[in-house]
Amino acid sequence: MKYFVLTLLFAGSLFAEPEVRIMIESSAKLLKIGSDTLTPGKTGIVLNGKERGTYSHKIEGELLSYQGRQFRNHLEVRQSNHKLTLTHTLPMEAYITGVISSELPNSWPLEVLKAQAIAARTYAIWQMYRKEHLESSVLDQVYHGVHREHALAKQAVEETAGQVLTYDSKPAHTYFHACCGGHTASSLEVFGSDESYLQGVECRYCRSAPTFRWSYSLSRSELDKKLGSKIKDLQAFGETQSGRIKSFRFKSKPQLPDMKGTDFRRAIGYNALRSTLITKTSFGWRQAEFKGRGHGHGVGMCQWGALGMAKLGKEAKEILELYYPGTEVRKLY
């Protein structure tokens with residue numbers, strides 16, 4: 001039903017700006033929001049030592065602080081299974097301003113930020129009709145709050161207000177990442193979904209990225225701890241169409257089954273093993289070493305590639321056309 005609704009949204013009519021609900025914290029035993037302390041109680045949320053008798057509570061104010069971040073107007077706390085969740089609801093354009101400010105620096109050209117605004121808005125639309133809330137982390141899109149907002153992000157959002165990328169009159173699934181390492185990946189090879197506008201393209205613009213080439217090493221004891229087994233040897237095997245490692249095979253005790261490259265990266269750590277575009281694997285008697293290119297899953301828009309294109313005078317729509325071929329920019333509201 002929701003997918004049908006999304007199809008109707010792009011039938012030609014303009015709609016009002018939607019609101020986005022994002023998850024700030026989940027499964028917490030204690031929340032400190034400004035001067036308030038909240039904990040789960042027997043009959044509901046306990047606020048500053050007093051049980052309220054309700055399992056939801058809204059905190060309102062012009063600016064609300066939580067863990068060094070600031071949020072506008074209100075935050076909502078809910079209790080379930082003796083744990084608390086913290087969510088924030090805000091208008092789409094305010095949300096996109098926060099995403100752009102969190103994802104990209106204010107020193108980057110406006111056209112990059114405009115391309116990112118359209119991609120981020122489309123991604124939010126695609127996700128919000130499929131689940132109750134969006135994550136405020138890399139699991140969806142990074143949103144750090146009001147204090148990170150900068151003027152260029154606001155301008156980019158204003159100049160692209162309501163614009164989204166569509167394919168066959170439906171919102172595209174606009175993945176993006178930091179650096180592709182020279183070639184983006186298809187959505188099929190990384191996520192298992194075959195999208196015609198996410199087949200992987202050559203990118204000649206991201207060589208200035210600090211993680212275009214990278215190396216990472218860890219001790220064998222660290223590797224054992226991360227994988228939960230005594231690793232005697234490991235080998236990378238199989239490459240996807242874009243050159244990313246398909247799987248890892250181990251000699252270990254207890255014996256580990258073959259592990260997908262994406263699962264191996266998650267186990268080692270996303271910020272340690274920057275991508276699965278691994279060009280060299282070495283397993284020595286003291287440590288394991290990996291060399292590779294790029295940063296992130298590699299699907300969709302390469303942010304450093306977009307920067308390189310903008311420096312050559314390319315506009316936002318040209319950037320989007322490279323990374324999401326066959327899509328069209330349309331105004332939703």
Side-chain angles (χ1 to χ4, degrees), residues 102-104 123 135-142 175-193 198 200-203 205-307 323:
S102 301
E103 288 278 354
L104 301 177
Y123 184 89
E135 302 290 340
S136 58
S137 68
V138 293
L139 294 176
D140 275 321
Q141 300 184 124
V142 178
Y175 292 108
F176 53 86
H177 58 281
C179 174
C180 69
H183 203 290
T184 67
S186 72
S187 58
L188 180 62
E189 65 184 86
V190 177
F191 299 116
S193 60
L198 292 173
V201 297
E202 182 183 3
C203 171
Y205 306 101
C206 61
R207 290 183 176 272
S208 64
T211 52
F212 181 80
R213 287 186 175 87
W214 53 265
S215 63
Y216 173 71
S217 61
L218 74 167
S219 68
R220 289 184 56 169
S221 61
E222 289 176 303
L223 181 67
D224 293 346
K225 185 177 180 180
K226 288 178 180 291
L227 296 180
S229 182
K230 184 71 173 178
I231 307 300
K232 299 178 181 179
D233 193 15
L234 65 82
Q235 290 182 333
F237 69 96
E239 288 188 359
T240 65
Q241 189 174 2
S242 66
R244 287 161 171 80
I245 296 299
K246 283 186 177 180
S247 301
F248 281 86
R249 182 164 291 162
F250 310 95
K251 288 183 179 179
S252 62
K253 188 176 182 179
Q255 182 60 42
L256 293 175
D258 292 353
M259 186 179 293
K260 290 182 180 179
T262 51
D263 293 336
F264 183 77
R265 181 181 173 225
R266 182 174 63 247
I268 301 301
Y270 290 124
N271 287 322
L273 209 60
R274 300 288 187 171
S275 75
T276 56
L277 187 53
I278 298 169
T279 56
K280 184 179 180 180
T281 301
S282 301
F283 189 79
W285 68 280
R286 283 188 174 181
Q287 65 180 24
E289 183 178 6
F290 306 90
K291 293 184 178 181
R293 300 200 310 271
H295 189 183
H297 51 63
V299 181
M301 187 175 72
C302 168
Q303 292 171 324
W304 277 88
L307 173 62
Y323 296 112

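When a residue number appears, it is its place in the shown sequence, counting from 1.
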Just how far is it from atom CH2 of Trp304 to atom SG of Cys203, taken to the nearest 0.5 Å? 12.5 Å

Would you compute the distance between atom CZ of Arg265 and atom CG of Asn271 and round it to the nearest 0.5 angstrom? 8.0 Å

Sequence neighbours excluded, which residues qualify as side-chain contact (heavy atoms from CB on, under 4.5 Å) partners of Ser186? Leu188, Glu189

By the side chain to side chain donor-acceptor pair (under 3.5 Å) test, which pairs, at least two apart or in different chains, include something from residues 206-217? none

Please confirm whether the backbone N or O of Leu277 pairs with a side-chain atom of Arg293, one donor and one acceptor, at under 3.5 Å? no

Quick one: side chain to side chain donor-acceptor pair (under 3.5 Å) partners of Tyr123, sequence neighbours excluded? Gln127, Asp140

Partner set under side chain to side chain donor-acceptor pair (under 3.5 Å) for Gln141, not counting sequence neighbours: Tyr95

How close do Ala209 and Cys179 get, heavy atom to heavy atom, and via which atoms? CB-SG, 3.7 Å

Kindly write out the residues that satisfy side-chain contact (heavy atoms from CB on, under 4.5 Å) with Glu222, not counting sequence neighbours, or none if the list is empty. Leu218, Ser219

Take Ile278 and Leu273, measure what side chain to side chain contact (heavy atoms under 4.5 Å, CB included) needs, and give me the verdict at the end. CA-CA 9 Å; Ile278 298 169; Leu273 209 60; 4.2 Å; yes

Test of understanding: with ring-ring contact (aromatic ring centres under 6.0 Å, His included), list the residues that count as partners of Phe264, not counting sequence neighbours. Phe248, Phe290

Partner set under side chain to side chain donor-acceptor pair (under 3.5 Å) for Gln303, not counting sequence neighbours: Glu103, Gln116

Would you mind listing every salt bridge (Lys or Arg N to Asp or Glu O under 4.0 Å) that reaches into residues 235-250, with sequence neighbours excluded? Arg249-Asp258

Those residues that, when tested against Tyr175, pass ring-ring contact (aromatic ring centres under 6.0 Å, His included) (two or more places apart): His173, Phe191, His297

Partner residues of Lys226 under the salt bridge (Lys or Arg N to Asp or Glu O under 4.0 Å) criterion, sequence neighbours left out: none

Residues Tyr270 and His295: closest non-hydrogen pair is O-NE2, 4.3 Å

Shortest non-hydrogen pair, Gly300 vs Thr184, comes out as O-CG2, 3.5 Å

Show the atom names and distances, to 0.1 Å, of all donor-acceptor pairs under 3.5 Å that link a side chain in residues 227-238 to residues at least two apart or in another chain.
unit_1, atom_1, unit_2, atom_2, d
Ser229, OG, Lys253, O, 3.3
Ser229, OG, Pro254, O, 2.6

Under the 3.5 angstrom rule, does the side chain of Thr276 hit a backbone N or O of Ile245 as a donor-acceptor pair? no

Considering only residues two or more places apart or on different chains, which pairs with a residue in residues 266-292 satisfy salt bridge (Lys or Arg N to Asp or Glu O under 4.0 Å)? Asp263-Arg266

